[in-house]
J.: 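Mind having a look at this structure? Questions to follow.
Computed from heavy atoms alone, side chains included, the values below leave out hydrogens, waters and symmetry copies. Just so we're on the same page: letters track the sequence lines, and every chain starts at 1.
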Amino acid sequence: MSIAVADKQTKLSQLRDGGQRSFIVVRIVRLWDSIIPPRNIFTGIDFLAVDDKGFAMHGTIPAELADDFHGLIKEGHVYRIQIFEVGPRGRKTHLAIPLEALLYFNVSTVIEPIPEGIDKYPSHYFRFASYDDVMARNEKLYYLTDVIGVLTAATDVKSVTLNNNRGTSDKREIFLTLQSGQKIKITVWDPKIVELDITSIILLGYKPVLAIGGISIRDNQAYKQINTCSGTKFLLEPNLPESFDVRKSIPDDGKPIELLSSADVDNLRDYTYPDAKENRVQDLLYMNAATIKGLKFKVKGKILRFQTKQGWYYNSCKDCTFGVKKEPSGYNCPRHGDTSPRMNLKVSFIIQDGSFKLQTVVFGNLAKKLTGIDISNLTVSERLNLDQIPAIANSIIGKEFEFILGVSDQGYGPGLNFKVFYFDPVEQEQDISFVEKDNGDGSSSKDLMPHIQTEISGSSHGQVEKEKGPSVDVVPNLQTEINVTPNSQAQIFAEGGTPNCTPSASLTDAPNELSHRGTRSRRHGDSLFLNFFPFGTLLDRGSFGPLFFCFPTSSKKINFK
DNA sequence: CCCCCCCC
């Protein structure tokens, strides 16, 4: 096979929009099938390419050409690429880096591996965001976010029912402590769940440093929803300067990652409402409901009494929490159509701090935890007694709690009504408290990092922000790659370990790597996980049991504050 | 084909 020789090489930073006459030489540092959830639509093969100047570009191989190039391009390898196009993408979203111009393969593109003399090509490219960066970002940003931190905890896998009859999707929450000491919760969606092999990570026996490239951040009302997407890449114990910074700030405590119950985490708003402002009951009374909509507040108060004039439960759809009423045709849910009703707790109560009082409402499972009311255990007469709350609830009268509150439009009548998003009993003796470090600027790593990309001047794509320098790993092949082959769960390679611990042993070598195109056929090994860790039994506890426990040996009480 | 829950 003979390949026409383009006359000259161009560096990525010099590329202009349009068809390219010259060739480029780049390392493919990330490579993924771009798949849009929840219907798993395959839009093409995307990649992140870096040249020997440390300049990065997002590239894409259109879906029609994917089969032609699939076997020719592998993550971690360096290629000479000739005859391609440069330009923006129609839908500007989920790009790996803040650069609007992409590399586009076309039917004439020629790609040749460069086997030697490739040490100058960085093995990784990250632009790690600080906690404050993460909190400032949302779906308006067209590019994805990279983070690095210590992986401290993970939940079991839970199936989520999507809106608008779009089926279900599996998720697992993981918790990352960033260098500043602040924690973020990241939702890992199927099929990324198998790429972060939690079983193997537990077996490490310590909490590892984890770099994550390409997560998307959304504002979901007041809290940050941080999701994986098809472009997300996990790197365990990466050989990066930032790894050392993170480890220096967050020393190894010698314990494996914690396993949390997804049900509990869904009610844990310390993570999902990190911006909740501390306030007194008194402060909230002077606020304007219209202007604080969506905001969350952290307040302390005692439970004065219940308000049961409008009952302590409502009837909801059996499959969701929409309220349903009896119609001539039966019960009808806007989401699930014909349904049957079930009782759902909706408990209104007054909290007091000094002489100031606040009307609040708490729903569902959170209400069950707060009040101790278990609807399935009630007698018929208790259920029928709409204006008298079951006696067990009275045990919390007079008790003090810290609440996460937000204005509710589901309250009782006009005026300020607050919905409870989370509560935590205020106890005399605190057991173990997580000590949050003050939030420094988290930028010490910046000084150690080469600023290659930002030093490039006269780039034709002036969009690269000066926010952070790139993190460039110039020592390839030393970091542990997470093995993504579904049936090799127990394999995690140690630093500098096995010979197949090379970038090429990553995503593209998994035999069924492309099998999820347009399908939902892939299953992960969750049943194995659940067999190992019987969450249901361990976590079936009273209202105020330990929030978390550490598998497998200890069952300590931890207050996340 | 176009980026997933978290409602009441």
J.: Which whole-number value in Å describes the distance from A/N365 CG to B/dC8 C1'?
T.: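 Value for this atom pair: 13 Å.
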J.: Let's see if you can work this out: which of B/dC7, B/dC3, B/dC5 has an atom nearest to the side-chain heavy atoms of A/N227?
T.: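 Nearest nucleotide to the side chain: B/dC5.
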J.: Run A/K158 and A/D170 through salt bridge (Lys or Arg N to Asp or Glu O under 4.0 Å) and show every step you take.
T.: CA-CA 5 Å; A/K158 182 188 180 186; A/D170 290 340; over 6 Å; no
J.: What is the distance from CD of A/Q225 to P of B/dC6, rounded to the nearest Å?
T.: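 Roughly 10 Å, once rounded to whole Å.
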J.: How many Å lie between CD1 on A/I36 and C1' on B/dC2, as a whole number?
T.: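 The distance from CD1 of A/I36 to C1' of B/dC2 comes to 4 Å, rounded to the nearest Å.
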J.: Syn or anti: how is B/dC5 classified when any glycosidic angle within 90° of 0 counts as syn?
T.: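 In terms of base orientation relative to the sugar, B/dC5 is anti.
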J.: The side chain of A/S169 lies closest to which of these nucleotides: B/dC4, B/dC3, B/dC8?
T.: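 Shortest atom-to-atom distance from the side chain points to B/dC4.
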J.: Choose from B/dC8, B/dC3, B/dC4 the nucleotide whose nearest atom is closest to any side-chain atom of A/L162.
T.: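 Given the options B/dC8, B/dC3, B/dC4, the side chain of A/L162 is closest to B/dC4.
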J.: Choose from B/dC2, B/dC4, B/dC5 the nucleotide whose nearest atom is closest to any side-chain atom of A/E173.
T.: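 Of B/dC2, B/dC4, B/dC5, B/dC5 is nearest to the side chain of A/E173.
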J.: How close or far is atom C1' of B/dC8 from atom CZ of A/R342, stated in whole angstroms?
T.: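 About 10 Å, once rounded to whole Å.
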J.: Could you tell me whether the side chains of A/S329 and A/E327 share a donor-acceptor contact shorter than 3.5 Å?
T.: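 No, no side-chain donor-acceptor contact under 3.5 Å.
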J.: Sequence neighbours left out, what passes side-chain hydrogen bond (donor to acceptor under 3.5 Å, both in side chains) with A/T187? Give chain and number order.
T.: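 Once residues adjacent in sequence are excluded, the partners of A/T187 under the side-chain hydrogen bond (donor to acceptor under 3.5 Å, both in side chains) criterion are A/E173, A/Q225.
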J.: Would you call A/R127 and A/D133 a salt bridge, using N to O less than 4.0 angstrom?
T.: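 Not counted as a salt bridge, because no side-chain N and carboxylate O are separated by less than 4.0 Å.
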J.: Can you find an N or O donor on one side and an acceptor on the other, under 3.5 Å apart, linking the side chain of A/K346 with the base of B/dC8?
T.: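 Not at all, since no donor on one side and acceptor on the other fall under 3.5 Å apart.
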J.: Tell me: CD1 of A/I217 to P of B/dC3, nearest whole Å?
T.: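 Distance check: A/I217 CD1 to B/dC3 P gives 17 Å.
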J.: What is the distance, to the nearest angstrom, from the CZ atom on A/R89 to the P atom on B/dC1?
T.: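 Distance check: A/R89 CZ to B/dC1 P gives 14 Å.
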J.: Is the phosphate of B/dC3 approached by A/R91 (side-chain N or O, under 4.0 Å from OP1 or OP2)?
T.: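 Answer is yes, contact under 4.0 Å.
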J.: Let's see if you can work this out: which of B/dC8, B/dC6, B/dC1 has an atom nearest to the side-chain heavy atoms of A/Y314?
T.: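 Taking heavy atoms from C-beta onward, the closest nucleotide is B/dC8.
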J.: Which whole-number value in Å describes the distance from A/R39 CZ to B/dC4 P?
T.: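 It works out to 12 Å between those atoms.
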J.: To the nearest angstrom, how far is A/W189 atom CH2 from B/dC6 atom P?
T.: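 To the nearest whole Å, that distance equals 9 Å.
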J.: What residues form a ring-ring contact (aromatic ring centres under 6.0 Å, His included) with A/F105, not counting sequence neighbours?
T.: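 Only A/F47, A/F69 meet the ring-ring contact (aromatic ring centres under 6.0 Å, His included) criterion with A/F105.
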J.: Among the candidates B/dC5, B/dC8, B/dC4, find the nucleotide nearest to the side-chain atoms of A/V160.
T.: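 When the side chain of A/V160 is considered, B/dC5 is the closest of B/dC5, B/dC8, B/dC4.
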J.: Does A/R218 place a side-chain N or O at less than 4.0 Å from the phosphate oxygens OP1/OP2 of B/dC5?
T.: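 Indeed not, no polar side-chain atom of A/R218 lies that close.
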J.: NA contact type, A/S230, heavy-atom cut-off 4.0 Å: base, sugar-phosphate, or nothing?
T.: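 Answer is nothing: A/S230 stays at 4.0 Å or more from every strand.
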J.: Could you check which of B/dC5, B/dC1, B/dC7 has an atom nearest any side-chain atom of A/I41?
T.: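 Taking heavy atoms from C-beta onward, the closest nucleotide is B/dC1.
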